[in-house]
Amino acid sequence: MMRIHKLYHRHRFTLSFSSPLSFPSSPSLLPLAPPRFLTLRRRTAANFASMSTSRFRHIVPLAAVSTEDGAGGAVNGSVSSSSTADTYYDYEALGVGYCVPPPEIRDIVDAPPVPALSFSPFRDKIIFLKRRALPPLTDLARPEEKLAGLRIDGYCNSRSRMSFYTGLGIHEILPDGTLGPEVEIHGFPEGAKINFVTWSPDARHLSFSIRVNEEDSNTSKLSVWVADVETGKARPLFQSPDVYLNAVFENYVWVDNSTLLVCTIPSTRGAPPKKPLVPGGPKIQSNEQKNIIQVRTFQDLLKDEYDEDLFDYYATSQLVLASLDGTTKDFGPPAIYTSLDPSPDEKYIMIDSMHRPYSFIVPCGRFPKKVELWSADGKFVREICDLPLAEDIPITSNSVRKGMRSINWRADKPSTLYWVETQDGGDAKVEVSPRDIIYSQPAEALEGEQPVILHKLDLRYGGISWCDDSLAFVYESWYKTRRIKTWVVSPGSEDVTPRILFDRSSEDVYSDPGSPMLRRTQAGTYIIAKIKKGGDEGRYIILNGSGATPEGNVPFLDLFDINTGSKERIWESDKEKYFETVVALMSDQEEGDLQLDRLKILASKESKTENTQYNFISWPDKKIVQVTNFPHPYPQLASLQKEMIRYKRKDGVQLTATLYLPPGYNPSTDGPLPCLVWSYPGEFKSKDAASQVRGSPNEFAGIGSTSALLWLAKRFAILSGPTIPIIGEGEVEANDSYVEQLVASAEAAVEEVIRRGVAHPKKIAVGGHSYGAFMTANLLAHAPHLFCCGIARSGAYNRTLTPFGFQNEDRTLWEATNTYVEMSPFMSANKIKKPILLIHGEEDNNSGTLTMQSDRFFNALKGHGALSRLVILPYESHGYSARESIMHVLWETGRWLHKYCVSNTSDAGEDHDTGTVKENISKGIADAESKVVAASGGGSKEACDLEHEESHSLPRSSL
């Protein structure tokens with residue numbers, strides 16, 4: 001779904017819509033390889049598809065060949081399964097590389113993305129940040145350096161694979177709430193890729209970076225530009241064309257209305273260090289001190305001294321203070337700067353940097369870290385802290401780094417710092433009270449002045465929402481118990497005792513009171529908004545809540561009295577047809593308390609079939625003005641059917657799923673459909689919490705580029721996100737009964753869609769990504785009676801390869817050996833008898849899901865004759881980005897679903913006997929077959945099945 005993310009930064013308020021990543025377009029710098037196919041068919045020997053090196057010859061429209069999903073070669077609406085299968089094997093033997101799915105799928109994926117939105121600091125203007133659709137594979141093929149957990153594009157001197165904007169358009173928000181004509185930002189080179197768009201504090205200028213020719217090592221680097229908001233005219237910030245942005249970590253910040261502090265590539269930097277042809281010695285790591293160091297399976301780490309030098313080369317910046325009038329000044333020495341944070345009063349800048357010694361076993365986030373205070377004009381003030389290398393952070397949840405952490409400016413003060421220090425050495429297993437202490441201190445403390453203790457916490461610090469000296473909210477939580485507490489403190493009054501406002505389970509979404517709404521200050525920070533209600537003397541704030549209920553989420557705004565705890569609901573989402581959420585306050589241009597009768601908010605609004613739009617809502621009459629009018633992204637599915645369904649697991653746990661059905665589908669006349677179940681397990685501490693409903697039945701059905709919902713266009717029923725709760729109550733570890741709970745949840749879901757008559761029992765497939773792929777493989781191993789085939793993308797299948805924890809499991813392999821082994825589908829490869837499609841990015845850098853996981857799992861399956869296929873996507877990471885890759889993933893998925901789901905005729909329970917469940921499914925098969933015959937008006941069983949299968953494509957007229 002198109003979701004909105006609220007990003008609160010100094011001097012900017014950005015609303016960015018999530019979508020598939022986009023990347024810069026350029027000719028390939030490396031030869032492109034097609035995906036690697038490894039297929040084991042009919043439970044015999046492995047078959048390796050030949051590979052070709054021509055990129056364009058590989059993009060073959062599915063309709064151009066006769067394939068088994070019926071997209072091409074159909075005559076009079078019928079296709080012979082055996083003939084199309086034979087044609088596919090011939091097609092594969094030709095060494096065809098990248099393929100594309102049928103138009104019904106392809107058109108949805110290629111739909112242009114909606115722009116992102118960014119409001120000005122004073123809420124009087126809005127930028128539409130325009131972007132393109134999926135990037136070509138050439139972008140991913142650009143060389144990249146894998147260093148210290150990062151991937152760096154050496155040509156751009158930035159993170160590799162960056163998305164970008166293609167254009168910027170500014171609209172004034174008129175007094176009636178509508179938008180004025182667009183002012184297009186212009187003056188930069190045509191075809192430039194735009195990044196890091198930021199408003200100046202006074203909203204008169206925009207800053208952004210551009211890159212142009214990515215073939216050249218100089219012009220591909222990022223340059224900083226500024227634009228006049230009124231005219232739209234843009235120009236380079238630096239007069240010299242040889243000053244480039246270093247965007248590996250931080251990029252730039254506005255120091256005041258006319259000055260930016262920029263991380264630049266040092267002008268004295270030469271060529272990159274060259275890797276020695278002969279190493280100076282062996283690679284040695286030692287633990288002769290017998291330190292206990294447990295780390296997750298991090299990837300892309302430094303490997304040797306050459307990597308350390310290369311990391312220094314690309315990550316080192318020279319800070320430059322640049323004014324809009326063209327004057328510049330070097331600011332401090334070159335260093336690896338990771339954060340620049342001006343104080344609210346613009347007098348100081350807190351600067352984070354990292355330094356040696358580095359590590360070969362943890363990423364750069366744990367390298368030694370120095371925090372310093374500088375004046376805004378470039379004078380060193382003092383060192384705040386210098387933290388050592390943190391290789392030894394325990395893997396236990398809620399374990400943290402030793403020393404000062406979460407160092408920030410108080411949002412309600414001109415220049416006051418606050419931070420947290422752990423009292424348990426960072427080890428969550430250590431029992432101590434207090435566990436965390438929050439300190440506060442002025443930027444320039446007087447000699448001998450000690451930090452003030454603001455609050456002591458027995459759980460782990462979770463953040464602060466500031467308001468003023470009389471009010472702040474302090475949050476603490478503990479994952480093991482799911483406990484979360486909210487404290488009310490008075491930072492400026494030592495004699496006022498802190499009190500608990502909310503003390504609840506983070507899993508109990510029904511009891512969530514909401515979060516305080518924040519307002520922007522004149523200094524550009526965000527604080528809790530105080531609300532004035534007429535002549536009432538109460539101390540009010542607004543709580544913005546998701547409103548979880550057994551019927552689904554109904555977001556709300558509550559006027560909340562801090563002193564008495566009383567609430568008054570002042571706004572609530574429509575619950576009959578629409579799903580509305582509050583995004584931000586829009587009436588905070590003036591200092592002081594906000595008047596309730598002059599309140600103005602920005603809210604989103606959507607329904608099952610209407611895509612998200614944004615509205616202004618103004619009090620007192622709650623007048624609504626629509627701000628956006630985005631077109632429907634896939635009108636061919638505008639009338640899809642969506643229902644949030646509830647059912648029970650055999651242990652009584654209430655489960656929830658979202659059932660999607662194709663447009664125009666009627667189960668009584670059309671009969672049951674092939675069904676794809678797509679999910680991702682979650683862990684809970686209680687059955688009650690696991691049974692709660694999350695999400696709304698009225699949310700728009702957002703369809704991403706690899707979403708399971710794409711198969712609605714091929715007349716599939718989709719069971720999306722059925723809850724798969726893995727529950728460990730009290731001291732019980734959830735994963736100790738992972739397989740049993742997983743199977744029980746899947747059985748309940750399958751029984752429900754069969755009972756409803758929407759899914760054919762023989763034609764239910766299961767799939768998932770990452771931990772969902774792990775789930776898929778386990779279900780095929782332990783519940784083969786439920787599914788006809790599976791699709792597992794970018795998963796980890798052997799938990800002995802992640803011995804120091806995975807997901808939320810914080811016991812080691814040696815502490816929970818049986819659990820690690822029993823949870824690993826790799827160990828049950830001999831039990832997998834149903835067809836399984838494995839897909840993995842060749843450059844997966846997600847912790848735990850190394851590409852090797854799929855390689856080795858496929859070898860295990862092949863060694864036991866399992867019907868399986870492995871597709872490795874060149875240049876792709878944990879998620880898939882390039883258009884060629886995504887289209888091919890969809891083609892592979894479509895082929896698998898047609899061959900082993902739509903065309904499946906084997907008994908659903910042939911491989912496993914589960915008593916009642918099998919009987920229920922067998923009964924469902926009989927019922928489904930009778931419904932198929934009835935829907936067809938009689939005739940032979942074979943003819944009815946064939947006609948039913950061929951109805952899974954939308955008619956072209958509907959596109």
Side-chain angles (χ1 to χ4, degrees), residues 5-9 339 341 365-366 371 387 390 393-412 416-440 451-467 471-491 497-518 525-529 541 543-546 548 560 562 682-686 689 694 807-808 810:
H5 301 289
K6 289 172 279 186
L7 305 177
Y8 294 98
H9 296 291
S339 175
D341 188 8
R366 298 192 183 184
V371 182
L387 304 177
I393 300 176
I395 61 173
T396 310
S397 298
N398 288 121
S399 293
V400 295
R401 190 173 194 155
K402 300 172 187 175
M404 298 173 69
R405 69 181 199 279
S406 300
I407 309 170
N408 290 292
W409 297 106
R410 273 187 60 168
D412 62 326
T416 299
L417 295 165
Y418 71 97
W419 66 91
V420 185
E421 293 187 31
T422 179
Q423 307 300 300
D424 57 12
D427 188 350
K429 289 184 177 180
V430 174
E431 295 295 336
V432 65
S433 178
R435 190 175 292 277
D436 274 340
I437 297 179
I438 306 171
Y439 294 94
S440 179
V452 174
I453 294 179
L454 181 65
H455 195 42
K456 297 181 179 180
L457 303 170
D458 285 337
L459 306 182
R460 189 63 80 202
Y461 169 78
I464 300 180
S465 294
W466 298 96
C467 182
L471 177 64
F473 284 4
V474 178
Y475 308 97
E476 61 175 332
S477 63
W478 198 249
Y479 177 76
K480 203 70 174 176
T481 60
R482 308 301 198 271
R483 190 178 184 188
I484 182 169
K485 295 162 68 174
T486 302
W487 292 84
V488 175
V489 300
S490 297
T497 304
R499 60 185 175 91
I500 294 177
L501 185 65
F502 305 120
D503 187 353
R504 48 183 290 273
S505 168
S506 60
E507 290 184 338
D508 182 9
V509 293
Y510 292 170
S511 71
D512 187 353
S515 302
M517 292 213 69
L518 304 180
T525 60
Y526 285 84
I527 62 173
I528 296 174
I541 65 170
L543 295 178
N544 182 4
S546 60
F560 182 77
I562 292 293
E683 292 182 13
F684 294 87
K685 288 301 294 181
S686 74
R694 292 161 174 82
Q807 287 293 110
N808 296 315
D810 52 22

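Note that the numbering runs from 1 along the sequence shown for the chain.
Residues satisfying the ring pair (Phe, Tyr, Trp, His ring centres under 6.0 Å) test with Phe684, not counting sequence neighbours, are none. The ring pair (Phe, Tyr, Trp, His ring centres under 6.0 Å) test applied to Phe560 returns Phe502, not counting sequence neighbours. Under the ring pair (Phe, Tyr, Trp, His ring centres under 6.0 Å) criterion, Trp466 pairs with Tyr418, sequence neighbours left out. In this structure, the side-chain hydrogen bond (donor to acceptor under 3.5 Å, both in side chains) partners of Ser433, at least two apart in sequence or on a different chain, are Asp458. Take Ser339 and apply the side-chain hydrogen bond (donor to acceptor under 3.5 Å, both in side chains) test, not counting sequence neighbours, and it matches no residue. Applying the side-chain hydrogen bond (donor to acceptor under 3.5 Å, both in side chains) criterion to Asp424, with sequence neighbours excluded, gives Thr422, Arg435, Arg460. Considering only residues two or more places apart in sequence or on other chains, Glu507 meets the salt bridge (charged side-chain N to carboxylate O under 4.0 Å, His left out) condition with Arg482. Lys480 is linked by a salt bridge (charged side-chain N to carboxylate O under 4.0 Å, His left out) to Glu733, Asp810, counting only residues two or more places apart in sequence or in another chain. Listed by chain and residue number, Ser465, Phe473, Tyr475, Ile528, Ile541, Leu543 satisfy the side-chain contact (heavy atoms from CB on, under 4.5 Å) test with Pro516 (two or more places apart in sequence, or in another chain). Considering only residues two or more places apart in sequence or on other chains, Arg405 meets the salt bridge (charged side-chain N to carboxylate O under 4.0 Å, His left out) condition with Asp436. Legend: residues meeting side-chain hydrogen bond (donor to acceptor under 3.5 Å, both in side chains) with Trp478, ordered by chain and number and at least two apart, are absent. The salt bridge (charged side-chain N to carboxylate O under 4.0 Å, His left out) check on Lys685 picks up nothing, with sequence neighbours excluded.
Asp512 approaches Gly514 most closely through the heavy-atom pair OD1-N, 2.9 Å. The two residues Arg499 and Ile562 make their nearest non-hydrogen contact at NH2-O, 2.6 Å. Closest of all the heavy-atom pairs between Tyr479 and Ser397 is CD2-OG, 3.7 Å. Between Ala472 and Pro491, the shortest heavy-atom distance links the atoms CB-CG, 3.9 Å.
Residue Ser440 holds its OG atom at 7.5 Å from CG of Leu417, rounded to the nearest 0.5 Å. The OG atom of Ser506 lies 12.0 Å from the CZ atom of Arg483; values are rounded to the nearest 0.5 Å. Thr416 OG1 to Asn408 CG: the interatomic distance, rounded to the nearest 0.5 Å, is 12.5 Å. Interatomic distance, Lys429 NZ to Asn398 CG, rounded to the nearest 0.5 Å: 13.0 Å. The structure places NE2 of His455 at 13.5 Å from OH of Tyr439, a figure rounded to the nearest 0.5 Å.
Screening Val452, Ile453, Leu454, Val489 against Ile438 for a side-chain contact (heavy atoms from CB on, under 4.5 Å) leaves a single residue, Leu454.
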> Does the side-chain contact (heavy atoms from CB on, under 4.5 Å) test come out yes or no for Leu471 and Val488, once each step is laid out?
Replying inline: CA-CA 7 Å; Leu471 177 64; Val488 175; 3.8 Å; yes
> Are Leu387 and Arg401 close enough, and set up right, to give a side-chain contact (heavy atoms from CB on, under 4.5 Å), and what steps lead you there?
Replying inline: CA-CA 9 Å; Leu387 304 177; Arg401 190 173 194 155; 4.1 Å; yes
> Between Thr525 and Arg410, is a side-chain contact (heavy atoms from CB on, under 4.5 Å) present by the stated rule, with each step listed?
Replying inline: CA-CA 9 Å; Thr525 60; Arg410 273 187 60 168; over 6 Å; no
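Looking only at side-chain heavy atoms (C-beta outward), Asn544 and Ser515 stay at 4.5 Å or farther from each other.
Without hydrogens or angle criteria, Gln423 side chain to Pro434 main chain gives no donor-acceptor distance under 3.5 Å. A donor-acceptor pair under 3.5 Å links the side-chain atoms of Ser399 to the main chain of Ala428, judged by distance alone.
Annotation for Lys485: atom NZ counts as buried by contact number, over 12 foreign heavy atoms lying within 6.0 Å.
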